[in-house]
Amino acid sequence: MDSERKQRIREMRVICAPNEAEYRTPVIQRLYIVIGFSFTRLLVKTRITPNQITGIWGTMMVLLSLLYLFDRPLLYVIGAVGWIFAYSLDGTDGHVARYKKMCSKRGVFLDLVNHYVTWPLLFFCVGMGQFMMSGEICDIVFGTVAGVSVLLLMVIQYVYNVINPGVYKKGESDLEIDRNLFKSDRTRKAIENINPLLFPNIPLMLLIASTLDLMVSELALPGLIFGDQLLWMTSFLSIFIFIYAVGYVLSSAMKITILYRSLQ
């Protein structure tokens, strides 16, 4: 009986994620795959549609982002954990669509809208929340810059795909960047596992920053002190948005340059 169950799961994987073995899977990405497929096994037995799942995880990401507007470190942790599950559901909708043969352009549209709204919103809410707590204008500035920059990165990808029809499925733009940055596939994979700027790593980094803020709050530990010039960094979430603001501005400039040079 156990062998039959395992066989059914393998067959479901073949249908739901036929190219999963070809996906580039950094260590943290495998966590989302495991969680997402667990949701898939439950939801394929229900009448829920793929587009409804897309709506659920998009709504979750919006509401979870709003938790960072409140000066409650426990809500920060809840928001970060929720983002991990929401990001896992981002893969579940595709699994269910393939299993139920319900793939549609509407599903792709909703998925893209979700990403274009939720990722920038997360950074903006973190920055705004820290600003409301500390009064330091740098928090909201870097939160806004991070949000705008992550949106720019996604727009760059879209524009490149429009100019080069068909490359979205092939991942040609990412391959072009890899060829310019890494000499070996092993090096690329090692960087992906530790690079905080990659989308799969953001919820984990958010959880780490949120947990550290909660520990400081609950244990009455001293706040961060970096000297007068960096005094605005009043929490680990302030450092979080600073890293992504700087990182995504540089990443956008690099991606634009590399992809522009790849065009004929």
Side-chain angles (χ1 to χ4, degrees), residues 8-25 28-68 78-125 147 150-162 164-174 198-204 206:
R8 287 198 300 270
I9 293 175
R10 283 194 292 268
E11 292 174 354
M12 184 181 292
R13 282 187 179 275
V14 172
I15 297 173
C16 295
N19 299 319
E20 188 174 279
E22 300 177 8
Y23 293 167
R24 294 183 297 176
T25 53
I28 186 61
Q29 182 68 38
R30 296 169 195 168
L31 169 66
Y32 301 119
I33 291 174
V34 171
I35 297 175
F37 192 72
S38 297
F39 284 131
T40 300
R41 290 170 57 190
L42 294 175
L43 296 177
V44 293
K45 302 175 183 178
T46 70
R47 299 180 64 180
I48 192 169
T49 67
N51 289 355
Q52 288 172 340
I53 298 174
T54 305
I56 289 172
W57 66 257
T59 302
M60 285 179 61
M61 287 182 175
V62 170
L63 296 178
L64 292 166
S65 297
L66 295 178
L67 293 181
Y68 283 88
I78 294 173
V81 172
W83 255 85
I84 291 175
F85 283 97
Y87 189 75
S88 299
L89 278 171
D90 184 11
T92 299
D93 52 9
H95 290 171
V96 175
R98 284 184 284 273
Y99 190 84
K100 294 186 175 182
K101 295 181 172 57
M102 297 178 66
C103 298
S104 67
K105 292 181 179 180
R106 286 183 176 180
V108 176
F109 176 77
L110 289 175
D111 189 273
L112 290 175
V113 169
N114 278 355
H115 284 298
Y116 280 39
V117 171
T118 57
W119 290 101
L121 179 65
L122 171 64
F123 292 110
F124 177 78
C125 286
V150 74
L151 178 61
L152 179 59
L153 277 172
M154 291 185 283
V155 170
I156 293 168
Q157 182 71 63
Y158 173 78
V159 172
Y160 185 86
N161 294 336
V162 170
N164 295 268
V167 299
Y168 181 77
K169 293 181 179 179
K170 300 177 183 178
E172 186 62 32
S173 62
D174 289 333
L198 294 180
F199 278 20
N201 293 337
I202 294 176
L204 179 62
L206 184 66

**Q.** Nearest atoms (heavy-atom pairs only) where P120 meets V117
**A.** CD-O, 3.5 Å
Q. So how far is it from Q52 CD to L110 CG, rounded to the nearest 0.5 Å?
A. 11.0 Å
Q) Considering residues, nucleotides and ligands other than Y116, do more than 12 of their heavy atoms fall under 6.0 Å from its OH? A) yes
**Q.** Straight-line distance of L151 CG to L121 CG, nearest 0.5 Å
**A.** 11.5 Å
Q | Validation row: Y99, R41 side chains within 4.5 angstrom (heavy atoms) | A | no
(Q) Assess the residue pair T49 and M102 against the criterion (side chain to side chain contact (heavy atoms under 4.5 Å, CB included)); give the C-alpha distance rounded to whole Å, side-chain angles, the decisive distance to 0.1 Å, and a yes or no. (A) CA-CA 8 Å; T49 67; M102 297 178 66; 3.9 Å; yes
Residues 53-65, side-chain donor-acceptor partners within the protein, below 3.5 Å, at least two apart:
residue, atom, partner, partner atom, Å
T54, OG1, P50, O, 3.1
T54, OG1, D93, OD2, 2.8
W57, NE1, D93, OD2, 2.8
T59, OG1, G55, O, 2.7
S65, OG, M61, O, 2.7
S65, OG, W83, NE1, 3.4

Q | Min side-chain heavy-atom separation F123-V150 under 4.5 Å | A | yes
**Q.** Nearest-0.5 Å distance, OH of residue Y87 to CG of residue L204
**A.** 12.5 Å
Q) For F109, does the CZ atom sit with more than 12 other heavy atoms under 6.0 Å from it, leaving out its own atoms? A) no
**Q.** Contact check, side chains of H115 and D90, non-hydrogen atoms, under 4.5 Å
**A.** yes
Q. Is the closest side-chain heavy-atom distance between F39 and V96 below 4.5 Å?
A. no
Q. How long is the gap from CD1 on I84 to CG on L206, to the nearest 0.5 Å?
A. 8.5 Å
Q: Drop me the distance from H95's NE2 to F37's CZ, to the nearest 0.5 angstrom.
A: 7.0 Å
Q: Please check if the side chain of K100 supplies one atom and the backbone of I48 the other of a donor-acceptor pair under 3.5 Å.
A: yes
(Q) Measuring only between side-chain heavy atoms, which start at C-beta, is L89 closer than 4.5 Å to F85? (A) no
Q) Between atom OG of S38 and atom CD1 of I33, what is the distance when rounded to the nearest 0.5 Å? A) 11.5 Å
